[in-house]
Amino acid sequence: MDNESIESYVVIHNIAKRHNIGTLARSATAFGVSELILVGRRDFNAFGSHGSASHVRFRHFHSLREAQIFLKEKDCDICGVEIAEGALPVNQHPFKKSTAFLMGNEGTGLSSKELEICDFFVYIPQYGCGTASLNVTVAASIVLHQFGVWAGFSERVRDGNKFVVADRPVKQGKRNYCNETKDTIIEERLSRRESAANGFFDQGKNGDSSSSNLLEALFVDD
């Protein structure tokens with residue numbers, strides 16, 4: 001297998017707890033994720049990323065369908081992390097090529113729309129009896145590590161008791177934003193209302209997102 005051509009992605013769509021997204025970005029950088037794909041709103045609470053979010057690319061889509069089309073153009077499988085029918089243990093490494101991992105909502109798991117776009121499913125075997133499931137960021141870390149082992153990603157250089165952190169990359173431009181058309185603006189506003197109803201994003205007094213807008217910092221004018 002040519003591990004130089006293998007990539008991993010994380011799709012973020014329906015995660016309810018705001019601080020989990022920043023922690024997901026931290027895990028993504030640790031385990032060699034190529035891009036974090038946000039579906040719906042662009043902005044989120046960056047708490048938990050500890051600065052590592054600047055080392056992973058972000059890409060935004062307004063709908064799951066758009067994200068699916070992009071990933072298929074990349075010849076990428078979409079893997080749902082869920083205890084679904086036919087799901088395989090992640091430690092059996094049931095991977096074939098570049099893979100995007102779709103994480104379920106902390107409380108309800110993957111929605112019917114999310115299940116529809118998945119090519120296959122994996123779950124994380126548990127050996128203790130004290131909990132029914134893992135926190136989404138913990139689950140993502142385990143799955144991404146297992147994928148990296150299967151893909152043969154090169155281990156990062158260490159310095160003492162820590163891994164060497166790369167220099168902060170140049171800020172990304174707005175080219176990864178979806179073009180703003182009338183239809184996409186309407187779609188995003190509908191998505192904002194749905195996300196706000198789920199308590200997903202920080203909202204100001206006027207319904208605007210808070211100043212903790214990670215993507216506005218990452219995507220700047222060229």
Side-chain angles (χ1 to χ4, degrees), residues 7-61 64 67 71 78-84 87-91 93 95 99-111 114-115 117-118 121-128 130-151 153 155-156 162-163 165-166 195 198-202 209-210 212-215 217-218:
E7 295 184 292
S8 61
Y9 302 80
V10 175
V11 181
I12 299 173
H13 177 234
N14 194 29
I15 294 174
K17 297 179 181 177
R18 295 183 293 273
H19 63 272
N20 280 338
I21 302 177
T23 308
L24 275 172
R26 187 178 185 183
S27 294
T29 62
F31 299 121
V33 170
S34 296
E35 291 185 355
L36 276 170
I37 296 175
L38 274 72
V39 181
R41 283 284 295 276
R42 291 179 179 82
D43 57 336
F44 58 86
N45 191 322
F47 177 81
S49 69
H50 293 271
S52 58
S54 60
H55 293 276
V56 62
R57 294 190 67 84
F58 286 79
R59 189 178 296 270
H60 172 262
F61 295 100
L64 282 170
L71 291 167
I78 301 176
C79 175
V81 181
E82 182 73 278
I83 306 177
L88 297 170
V90 69
N91 55 322
H93 298 167
F95 312 114
T99 304
F101 294 97
L102 182 55
M103 310 301 299
N105 177 280
E106 296 92 330
T108 60
L110 295 175
S111 68
E114 291 167 335
L115 292 170
I117 72 168
C118 293
F121 301 91
V122 296
Y123 73 92
I124 300 167
Q126 293 185 187
Y127 310 107
T131 184
S133 63
L134 296 171
N135 172 275
V136 65
T137 60
V138 174
S141 295
I142 294 172
V143 169
L144 293 173
H145 178 268
Q146 289 289 325
F147 183 83
V149 171
W150 170 81
F153 290 164
E155 183 177 324
R156 183 69 180 169
K162 292 188 177 182
F163 290 95
V165 177
S195 297
N198 291 332
F200 188 10
F201 297 102
D202 290 329
S209 59
S210 72
S212 180
N213 186 341
L214 178 59
L215 293 185
L218 289 175

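Predicted, not measured: the structure shown is a model, and the values here were computed from it.
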*Does any N or O in the side chain of Glu7 come within less than 3.5 Å of the main-chain N or O of Glu35, such that one atom is a donor and the other an acceptor?*
no
*Take Ile117 and Leu71, measure what side-chain contact (heavy atoms from CB on, under 4.5 Å) needs, and give me the verdict at the end.*
CA-CA 11 Å; Ile117 72 168; Leu71 291 167; over 6 Å; no
*Could you tell me whether a side-chain N or O of His13 sits under 3.5 Å from a main-chain N or O of Leu38, the two making a donor and an acceptor?*
no
_Among residues at least two apart in sequence or on other chains, which ones pass ring pair (Phe, Tyr, Trp, His ring centres under 6.0 Å) with Tyr9?_
none
*asked:* I'd like to know if the side chain of Ser27 reaches the main chain of Leu24, judged simply by a donor and an acceptor atom lying under 3.5 Å from each other, with no hydrogens or angles considered.
replied: no
*So, for Tyr123 and Pro125, which heavy atoms are closest and what is the spacing to 0.1 Å?*
O-CD, 3.5 Å
_OG on Ser133 to CD on Gln126, rounded to 0.5 Å_ = 7.0 Å
*At what distance, to the nearest 0.5 angstrom, does CZ of Phe31 lie from CD1 of Ile142?*
9.0 Å
*With sequence neighbours excluded, tell me which residues meet side-chain hydrogen bond (donor to acceptor under 3.5 Å, both in side chains) with Gln146.*
His93
*asked:* Using side-chain heavy atoms (C-beta onward) and a distance below 4.5 Å, is Thr99 in contact with Ser8?
replied: no
*Can you sort out the partners of Phe121 under ring pair (Phe, Tyr, Trp, His ring centres under 6.0 Å), two or more places apart, ordered by chain and number?*
none
*For Glu82 and Ala87, work out which heavy atoms get closest and say how close.*
O-CB, 3.4 Å
*With side-chain contact (heavy atoms from CB on, under 4.5 Å) as the test, would you mind laying out the steps for Cys118 and Ile78 before giving the verdict?*
CA-CA 5 Å; Cys118 293; Ile78 301 176; 4.3 Å; yes
*asked:* Please determine whether the number of non-hydrogen atoms from other residues, nucleotides or ligands lying under 6.0 Å from atom CD1 of Ile83 exceeds 12.
replied: no
*With a 6.0 Å cut-off on ring centres, are Phe95 and Phe147 close enough?*
yes
*Distance from Arg156 atom CZ to Thr29 atom OG1, nearest 0.5 Å?*
10.5 Å
_Val10: which of Val81, Ile37, Leu144 passes side chain to side chain contact (heavy atoms under 4.5 Å, CB included)_ = Leu144
